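These numbers come from a predicted model, not from an experiment. Numbered from 1 within each chain, the chains take letters A, B, ... in sequence-line order.
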Amino acid sequence: MADKKHSDHHQEQHWVWKYVFSVDHKVIGLQYLITSFLFLLFGFGLLMLLRWQLAYPGQPVPLFGRFLPEALAPGGVLMPHFYNALGAMHGTIMVFLGMVPLGVGGYGNYILPLQIGAPDMAFPRLNMMSYWVYVVGGILMLSSFFIPGGAAQSGWTSYPPLADISPGQTMWLVAMIFVITSSLLGSINFIVTTLNMRAQGMTLSKMPIFVWGQLVTAVLLLLAFPPLEAAAVLQVMDRVFGTSFYLPTGLVIFGQTLDVSGGGHPLLWQHLFWFLAHPEVYVLILPAIGIVAEIIANNTRKPLFGYKEIVASMLFLGVMSFLVWAHHMYLAGMSSKLSNFFLVTTLIISVPSVAILTCLILSLRGASIRYSVPMLFALAFLPLFGIGGLTGLPLGLTTTDIYLHDTYYVIGHFHYVVVTGSLIALMGGVYYWFPKWFGRRMDDFWGKVHFWGTVITMNGIFFPMFIQGLAGVQRRLYDPTAQAHNLPTQPLNVVSSVFAWLLFLAQIPFIWNFFYSMFKGKKSEENPWKATTLEWACPSPPPHGNFETPPKVYRGPYEYSVPGAKTDWTPQHVET
Amino acid sequence: MTESNYGWGLPTAASTFAKEIDFGIYLIHAAMFAIFILWGIFFVYLLIRYRARPGVAAKHEEHGILASLIPDFIVLAFELCLIFLYAIPSWSRIKVETPGAQDSLTVEVTAEQFAWDIHYPGPDGKFGRRDPALVHASNVLGLDPNDPSALDDIVTVNEMHIPLGRPTLMGLTSKDVIHSFFVPDFRIKQDAVPGMRIPVWFEPTKTGKFEIGCAQLCGFGHALMRGDVFVHAPKEFENWLVDQKPALNPTGK
Amino acid sequence: MSSTAHAEHLQEPVTGIPNGKLGIWLFLASEVMLFSTLFTTYIILRVAAPEWPRGWEVLNVPLAMTNTFVLITSSVTMVLAYAKAVTREKAAFNKYLGLTIALGFVFLGIKAIEYGAKFEHRIAPSTSIFYAIYFTTTGLHGLHVIGGIIANSVLLWLSNKQWDHPLFVGRIEYAGLYWHFVDIVWIFLFPALYLL
Amino acid sequence: MKHHHPNIKLYLGVFAVLMALTVVTVLVSYLHFPKTLAILIGLAIATFKAGLVATFFMHLKGERALIFSVLGVTFFFVIFLYLLPIVDMSMVADRVIHAPTAQNTQPEHGH
């Protein structure tokens with residue numbers, strides 16, 4: 001069969017072409033996965049430094065303080081501009097180099113073609129290129145720490161005019177353009193693969209929710225990233241060629257009038273940035289919802305409740321995510337009448353998220369729940385993502401946002417959505433698909449240790465932030481004790497910081513478990529979770545070309561406990 | 001002069017619309033707790049009731065799709081009421097409409113990298129012309145000496161004195177980067193955008209010293225950029241205003 | 001040919017549209033968003049600016065008009081190259097594709113002359129907000145023209161080796177779609193900057 | 001791979017029309033119409049030319065529905081990408097300080 005000859009040809013390739021510059025979506029998926037986890041770890045390291053300064057302002061950092069360069073942290077005490085750089089790079093690395101490549105690049109690349117029964121991505125070479133463009137972007141982003149002027153220091157949102165005049169932003173912009181190009185090429189690949197290369201019989205209504213999530217995510221990436229790329233080009237022109245797209249006339253910086261032509265508008269950047277950044281946050285959560293849906297369906301041994309509602313909500317979420325961006329700008333000087341428009345669209349977009357969460361919780365009714373490690377993560381996702389969603393309500397409402405905007409309440413809100421929402425689901429995905437990737441099982445005991453350690457410490461970090469936010473503590477403060485109204489809640493900073501360091505300790509069993517089980521984990525059979533979706537219909541780890549014979553699909557993705565069936569799971573590709 | 005007592009939770013409500021904003025915050029948090037507790041209880045019940053037990057299979061058929069949308073509609077209805085009965089009216093009262101200039105104290109607040117410059121019109125009631133080229137350590141706003149109405153203008157740094165009983169109408173702008181004028185006790189926050197003069201108003205209801213903070217990252221001094229608002233009784237404010245020296249010749253020759 | 005081309009060949013696309021065509025149209029959709037952002041920026045800056053020079057007072061309209069002719073002609077030679085590829089006339093195909101690439105270079109040449117004239121008068125992007133948006137948009141468009149030239153040259157260079165490859169004609173069509181898009185962007189850019 | 005049968009005469013015809021329209025749009029600009037009229041005419045001609053290139057050169061005429069839905073979704077979002085920032089900028093026009101150098105003296109009160 002052509003497929004047989006085709007996979008032999010693969011064997012005698014030099015290992016560089018097989019593992020480093022591979023065009024196989026599975027190898028690229030694992031490359032994305034491990035690279036993005038390393039970036040997440042690095043970004044988290046920056047945060048742990050930053051939290052020291054928040055908990056004990058002005059005191060030298062123990063242990064690692066000695067290694068920090070004198071210009072940035074004399075005697076181990078962090079300088080304000082280094083603190084700002086740590087904050088900006090923490091945000092950028094976690095969002096653009098960590099979460100999105102993990103959710104879309106890692107899981108999407110590996111699992112999507114398998115779940116739709118395709119031999120590989122539509123454009124394998126383009127797929128490899130988008131990974132390596134992402135790696136180059138990541139290296140450029142990290143190198144910005146070592147160039148004169150240091151890393152970007154004006155927040156991951158890089159608002160001008162501060163971003164136009166403060167050092168370190170140019171390398172950030174160049175790296176961002178690389179990362180954006182990589183995501184753009186990746187999204188084209190995903191859409192074409194999902195639409196064109198589905199197995200025979202796999203109509204759109206038989207696609208798993210994970211595939212739907214990746215499809216909507218790819219459309220968001222495709223259409224939302226170019227405006228940020230254009231805005232980044234404009235900011236590069238401002239910084240390098242002295243134009244003033246974002247610099248109004250008559251700026252006086254430390255007493256010196258800025259000799260630029262002026263005429264620019266700072267709000268222009270905010271509009272273009274948030275035009276991307278709101279779809280971006282849905283790009284962060286949709287893959288996670290897909291993973292949670294897969295794990296819940298599998299471990300409740302019954303079809304998901306309201307498959308059509310979830311798919312409809314995802315599509316509606318995708319469309320609406322383009323119309324809500326300026327709820328980040330209620331107080332930014334935008335016209336207050338226009339805020340009412342964005343207030344209403346923000347209300348409308350909260351409905352599909354509530355609908356998805358309702359359907360996922362109701363999927364537990366009438367189930368026979370198996371408390372396996374991935375299921376623990378998926379179950380923890382539901383209430384914690386709920387908290388994240390609920391705390392978005394006072395921020396989305398114009399009047400209460402007056403008080404809560406740019407305070408720690410905002411930081412608590414988006415960390416509850418991204419960290420205890422998206423990241424927990426992605427960790428659950430590692431435990432769930434590990435047997436598929438390496439043919440071995442991760443250790444259950446250490447999985448549970450990692451789960452409880454992570455969930456407890458994450459709540460310990462982020463819940464105090466709501467209390468600080470209500471007390472009016474502003475975000476991005478180098479020294480929280482410098483202002484009277486922040487002093488009473490300063491002990492909460494210590495609490496959050498301690499839990500942040502404990503969260504790092506809680507990750508050690510996970511890292512150990514991941515790399516140890518890769519080689520010495522318990523051997524697992526092809527379909528350890530007894531799942532029905534197509535990725536379990538091929539050997540684990542699947543050979544090049546995935547399926548011996550292209551599978552045919554006969555039924556929906558979650559046909560569990562079909563009355564009268566021999567086993568409580570009937571895979572999509574089995575005829576009967 | 002009551003000192004503002006900051007603690008956990010919302011600071012004292014010291015402006016007319018502070019109560020309105022607090023009402024919204026408390027209402028939403030009450031609703032959030034209610035929603036979270038109800039769903040939480042139902043969630044735990046499901047986890048216990050439908051845990052895997054030998055011999056008990058999961059149910060394949062699912063019914064009650066419409067019933068499942070009831071909680072969504074309740075949340076939607078609550079949000080619609082919240083928006084049309086509370087958010088839009090209060091937002092237009094606070095941010096869209098501004099009180100007339102004649103019965104309120106008009107003052108220009110200019111943010112700069114790491115200080116708040118407060119510009120009073122002085123006895124002639126007119127603000128002097130400012131020129132960015134004239135900005136200097138002793139003339140922080142760059143007041144133009146040969147503009148007659150600038151001679152009596154008063155400029156204070158990080159100290160804003162306002163009278164009780166009258167709304168204060170501020171023209172907020174910035175000299176260099178985006179800052180954000182934030183007084184927790186008055187529940188007001190508004191970004192100061194360079195190149196834009198944004199009208200902001202509030203009316204104090206208590207005398208006392210209240211802290212001004214900067215809520216938008218504005219560089220390495222963002223955390224140290226603080227000031228104080230002193231709310232005086234009307235008489236006391238007049239006395240303070242009288243013995244202020246004009247900015248352009250502080251020695252009063 | 002690499003093994004993946006065969007894998008692609010094995011399966012009939014579910015939507016009936018070949019992978020390449022669907023992919024290039026999606027890429028053009030993202031390019032539409034990119035250039036729309038630049039046009040939005042142009043409109044916002046022009047609306048917000050107290051005074052804005054009229055295009056023909058500061059820019060060389062006749063030169064830009066010839067540039068428009070050049071780009072339209074290259075669009076035609078591109079579609080003729082595709083037509084010759086479909087009717088398998090190799091010589092004519094090479095001629096037209098070569099002409100398209102040459103016209104691309106002519107376009108860049110004229111743009112270089114125009115930029116040169118500006119730099120001579122010490123007019124740079126930082127001179128005024130009008131020149132900033134002028135240099136940025138035409139510069140980014142120029143980069144896309146360069147991208148198109150590279151793509152077409154690679155296809156021309158590969159044409160004799162890949163002439164009989166099943167996907168070759170499709171690739172010419174996709175390069176053509178991209179080139180026509182670059183022409184459409186200039187069709188909007190020319191009046192917006194030069195004539196209003 | 002089905003390909004569109006080429007119609008050389010049609011392409012040359014479209015080419016002529018495009019060249020003519022370019023000349024027309026330049027001539028129109030020499031008449032110095034008032035700004036809004038000039039914008040409308042310029043936009044109309046450019047859109048028509050773009051339409052010609054898209055339907056004939058890019059073979060959109062016989063194309064499948066999915067391509068149109070991709071373009072439709074894109075233009076749906078492009079409208080918001082144009083509309084909202086421009087509406088916002090025009091609504092805050094009264095807040096923008098125009099004076100190229102000095103702060104305007106008599107700050108009018110925001111309404």
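D:Phe33 touches chain C through its backbone: at least one of N, CA, C or O sits under 4.5 Å from a heavy atom, while the side chain does not. With a threshold of 4.5 angstrom between heavy atoms, C:Phe190 approaches chain D through side-chain atoms but not through N, CA, C or O. For C:Thr68, the part sitting under 4.5 Å from any heavy atom of chain D is the side chain, from C-beta outward, and nothing else. For a residue to count as touching a neighbouring chain, one of its non-hydrogen atoms must lie under 4.5 Å from one of that chain's; by this rule C:Val76 touches chain D with backbone and side chain alike. Residue D:Met19 touches chain C through both its backbone and its side chain, counting heavy-atom pairs closer than 4.5 Å. Heavy atoms closer than 4.5 Å to chain D are found in both the backbone and the side chain of C:Leu177. Neither the backbone nor the side chain of D:Leu84 comes within contact range of chain C, judged by heavy atoms closer than 4.5 Å. No part of C:Ser30 comes within reach of chain D, as not one of its non-hydrogen atoms sits under 4.5 angstrom from that chain.
A salt bridge is defined here as a Lys NZ or Arg NE, NH1 or NH2 lying under 4.0 Å from an Asp or Glu carboxylate O, and C:Asp164 with C:Arg88 meets this definition. Look at C:Arg54 and C:Glu57 and you find no salt bridge, because none of the NZ, NE, NH1 or NH2 atoms lies under 4.0 Å from a carboxylate O.
Aromatic ring pairs are classed by plane angle as parallel below 30°, tilted from 30° to 60° and perpendicular above 60°; the pair C:Tyr134 and C:Phe130 is parallel. Ring geometry, C:Phe168 versus C:Phe93: the interplanar angle exceeds 60°, so the pair is classed perpendicular (tilted spans 30 to 60°).
Taking the ring centroids of C:Tyr82 and D:His59, they lie under the 6.0 Å cut-off.
Taking chain C as the reference chain and counting heavy-atom pairs below 4.5 Å, the highest number among D:Leu21, D:Leu52, D:Thr47, D:Val23 is found for D:Thr47. Your options are C:Ile72, C:Ile43, C:Leu26, and the one with the most heavy-atom pairs under 4.5 Å with chain D is C:Ile72. Per-residue counts of heavy-atom pairs under 4.5 Å with chain C were compared for D:Leu18, D:Val70, D:Thr22; the largest is that of D:Thr22. In terms of heavy-atom pairs under 4.5 angstrom with chain C, the leader among D:Leu71, D:Asp88, D:Val73 is D:Leu71. With respect to chain D, the highest number of heavy-atom pairs below 4.5 Å among C:Val169, C:Leu22, C:Val185 belongs to C:Val169. Ranked by non-hydrogen atom pairs under 4.5 Å with chain C, the options D:Met89, D:Arg64, D:Lys49 are led by D:Arg64. The residue among D:Thr25, D:Ile67, D:Ile86, D:Val78 with the most heavy atom pairs within less than 4.5 Å of chain C is D:Ile67. Among D:Ala46, D:Gly42, D:Pro85, the residue with the largest count of heavy-atom pairs under 4.5 Å with chain C is D:Ala46. Heavy-atom pairs under 4.5 Å with chain D were tallied for C:Thr87, C:Thr41, C:Thr37; the largest tally goes to C:Thr37.
The minimum heavy-atom distance linking D:Phe57 with D:Phe15 is given by the pair CZ-N, 4.4 Å. When all heavy atoms are compared, the tightest approach of C:Ile133 to C:Tyr42 is CG2-CD1, 3.9 Å.
In summary, the side chains of C:Tyr115 and C:Thr138 do present a donor paired with an acceptor at a separation below 3.5 Å, with no hydrogens or angles considered. For the residue pair C:Thr100/C:Thr77, the side-chain donor-acceptor check at 3.5 Å is satisfied.
Contact of the C:Leu71 side chain with the C:His141 side chain is registered, since non-hydrogen atoms from C-beta on lie closer than 4.5 Å. Residues D:Ile8 and C:Lys84 are in side-chain contact: their nearest non-hydrogen atoms beyond the backbone lie under 4.5 Å apart.
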